[in-house]
Amino acid sequence: MEENREVKREKVRSIPIEQIEDFPEHPFKIQNDEQMQKLIESIQDYGVITPVVARKIGEERYELISGHRRKYACKMLGIDRLPVIVRDMSRDEAVITMVDSNLQREHILPSEKAFAYKMKMEAMKRKAGRPSKENECPVVTNYYAADEVAKDTEDSSRQVFRYIRLTELTSELLEFVDQGRIAFRPAVELSYLTEDEQRDLWETIDSEDVTPSLSQAIRMKELSKEGNLDMDTIFEIMREEKPNQKEQIKIPAERFSKYFPRGTPPKRIEAVIIDALELYYREQERQRRRSSNRDER
């Protein structure tokens, strides 16, 4: 909404798509998914309602700041010009605007947020620079920058740091995080492993179809810090059976509650059920043997 109000106050220019370059190291992926198809259909029916935002970087050359998905949709439709708001921005101002505009999207991958937060934090620190003699404020620290990055987001400054740690993962492990094969908190701990250790871990996860828990990730981080983490150790840790990987059968309480007095401890209920299954199994075996004996006669 804020972007739309700002657009109304600025001049909109029609610029050929070929003159508009994508933002360097743009951290947000363009996916040809259901949402993209809806955007393509909308543009096909109504055109580009909200102009994209760019900055001039040369003679008839522009750098796209906001609107990468709209540009992609237009190219898919064969549209060769875009409505553009051209703003006079420095590189760091453009980074901050690019990140802020894209963080409003509904679905954001962990890797996208990680690199976006990192880019914005670095841009804010460069933009602030060192204080003048008249300014007694210290140089902008990582902690102050993290607080600023966290503003207007659902994440705390500590969570911002955690996301930025994900940028230390190899591309293979980071892809597992995006796919949900590695949970966020274990991924943060694994980011402290060396590149070779991460590649060994990736091979183990891929070949054994296992997922590191938070406790396993912390153990590997500590072993790595001590210089005692190798392929065999990684394999041994990852092959451990975790409680959430044990096969379980859940029976609703109402299915068996009438057979037990109220307040019977769960352990007692479990023991009685196992005993009953043993009796059932032995009875089935007796009937099988009787049937077999009759057939032999």
Side-chain angles (χ1 to χ4, degrees), residues 1-124 127 149 152-155 163 166-167 171 174-175 177-180:
M1 294 295 293
E2 183 64 31
E3 181 181 353
N4 289 338
R5 286 195 293 269
E6 185 70 20
V7 163
K8 291 178 181 179
R9 294 194 294 265
E10 296 180 284
K11 181 179 178 181
V12 179
R13 300 168 56 182
S14 176
I15 297 176
I17 284 184
E18 63 182 19
Q19 295 180 9
I20 306 171
E21 301 177 9
D22 289 341
F23 200 90
E25 299 178 349
H26 190 256
F28 299 94
K29 300 175 183 177
I30 304 297
Q31 301 187 44
N32 195 7
D33 53 13
E34 183 180 352
Q35 293 300 316
M36 176 57 71
Q37 290 306 311
K38 289 181 179 179
L39 177 59
I40 290 174
E41 291 172 7
S42 174
I43 291 176
Q44 188 172 30
D45 293 339
Y46 307 107
V48 179
I49 298 174
T50 304
V52 304
V53 177
R55 71 182 186 122
K56 193 167 185 178
I57 56 173
E59 188 65 30
E60 296 188 340
R61 302 303 302 174
Y62 302 87
E63 184 177 86
L64 191 59
I65 296 171
S66 173
H68 288 75
R69 296 178 73 253
R70 279 164 279 172
K71 176 187 173 185
Y72 177 88
C74 286
K75 291 182 73 172
M76 293 293 289
L77 290 168
I79 298 173
D80 58 3
R81 301 184 77 87
L82 273 176
V84 183
I85 296 291
V86 180
R87 292 180 183 163
D88 184 16
M89 289 184 175
S90 68
R91 164 69 176 170
D92 291 327
E93 289 171 337
V95 168
I96 294 169
T97 302
M98 179 274 295
V99 170
D100 288 345
S101 62
N102 281 279
L103 284 176
Q104 306 306 315
R105 285 163 45 181
E106 185 177 355
H107 301 292
I108 302 176
L109 295 172
S111 64
E112 295 176 325
K113 190 178 282 191
F115 283 102
Y117 281 165
K118 183 178 181 179
M119 288 179 72
K120 183 175 179 179
M121 180 182 285
E122 292 175 347
M124 292 179 69
K127 190 169 179 289
V149 171
D152 301 321
T153 75
E154 59 184 12
D155 297 313
Y163 270 107
L166 296 185
T167 64
S171 58
L174 192 53
E175 181 66 23
V177 178
D178 283 344
Q179 293 171 357

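In this structure the side chain of Lys56 never reaches within 4.5 angstrom of the side chain of Asp88, judged on heavy atoms. By the 4.5 Å heavy-atom criterion applied to side chains, Val177 and Ser111 are not counted as neighbours. No side-chain heavy atom of Arg87 sits under 4.5 Å from any side-chain heavy atom of Glu93. Under the 4.5 Å side-chain criterion, counting only non-hydrogen atoms from C-beta, Gln19 is not in contact with Val84. Taking the side chain as every heavy atom from C-beta outward, Met98 and Pro27 approach each other to under 4.5 Å. Contact annotation: the side chain of Arg69 never approaches that of Phe28 to less than 4.5 Å [non-hydrogen atoms, C-beta and beyond]. Residues Ile79 and Val48 have side chains not in contact (no heavy-atom distance under 4.5 Å, counting atoms from C-beta outward). Residues Lys120 and Asp100 have side chains in contact (heavy-atom distance under 4.5 Å, counting atoms from C-beta outward).
The aromatic rings of His26 and His68 sit parallel, their planes meeting at an angle under 30°, below the 60° perpendicular limit.
Considering OH of Tyr163 and CE of Met121, their distance stands at 14.0 Å, rounded to 0.5 Å. In this structure, the separation between CD on Gln37 and CD on Gln44 is 10.0 Å, given to the nearest 0.5 Å. Rounding to the nearest 0.5 angstrom, the gap separating the CG atom in Asn102 from the NZ atom in Lys113 is 13.0 Å. Atom CG of residue Leu64 and atom CD1 of residue Ile57 lie 10.5 Å apart, to the nearest 0.5 angstrom. The OH atom of Tyr72 sits 11.0 Å away from the CG atom of Leu39 when rounded to the nearest 0.5 Å. The CZ atom of Arg70 lies 10.5 Å from the CD1 atom of Ile49; values are rounded to the nearest 0.5 Å.
Shown here for Glu63 and Asp22, the closest heavy-atom pair between the two residues is CG-O, 4.5 Å. Nearest heavy-atom pair across Ala94 and Met89 is CA-SD, 3.9 Å. Between Leu109 and Asp178, the closest heavy-atom pair is CB-OD1, 3.5 Å. Considering every non-hydrogen atom in both Leu174 and Leu166, the closest pair reads CD1-O, 3.9 Å. Considering all non-hydrogen atoms of both residues, Ile108 and Leu103 come closest at CD1-O, 3.5 Å. Here the shortest heavy-atom pairing between Tyr117 and Asp155 reads OH-OD2, 2.7 Å.
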Leu82 vs Cys74, side-chain contact (heavy atoms from CB on, under 4.5 Å): CA-CA, chis, key distance, verdict: CA-CA 8 Å; Leu82 273 176; Cys74 286; 3.5 Å; yes
side-chain contact (heavy atoms from CB on, under 4.5 Å) between Met124 and Ile96, intermediate numbers included: CA-CA 7 Å; Met124 292 179 69; Ile96 294 169; 3.7 Å; yes
Check against salt bridge (charged side-chain N to carboxylate O under 4.0 Å, His left out), Arg105 and Glu112: CA-CA 11 Å; Arg105 285 163 45 181; Glu112 295 176 325; 3.7 Å; yes
Trace of the side-chain contact (heavy atoms from CB on, under 4.5 Å) decision for Glu122 with Val95: CA-CA 9 Å; Glu122 292 175 347; Val95 168; over 6 Å; no
Test side-chain contact (heavy atoms from CB on, under 4.5 Å) applied to Val52 and Lys71, step by step: CA-CA 8 Å; Val52 304; Lys71 176 187 173 185; 5.5 Å; no
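Counting heavy-atom neighbours within 6.0 Å of Asp45 CG, excluding the residue itself, gives a total above 12. The environment of CD in Gln179 is crowded: more than 12 heavy-atom neighbours from other residues, nucleotides or ligands sit within 6.0 Å.
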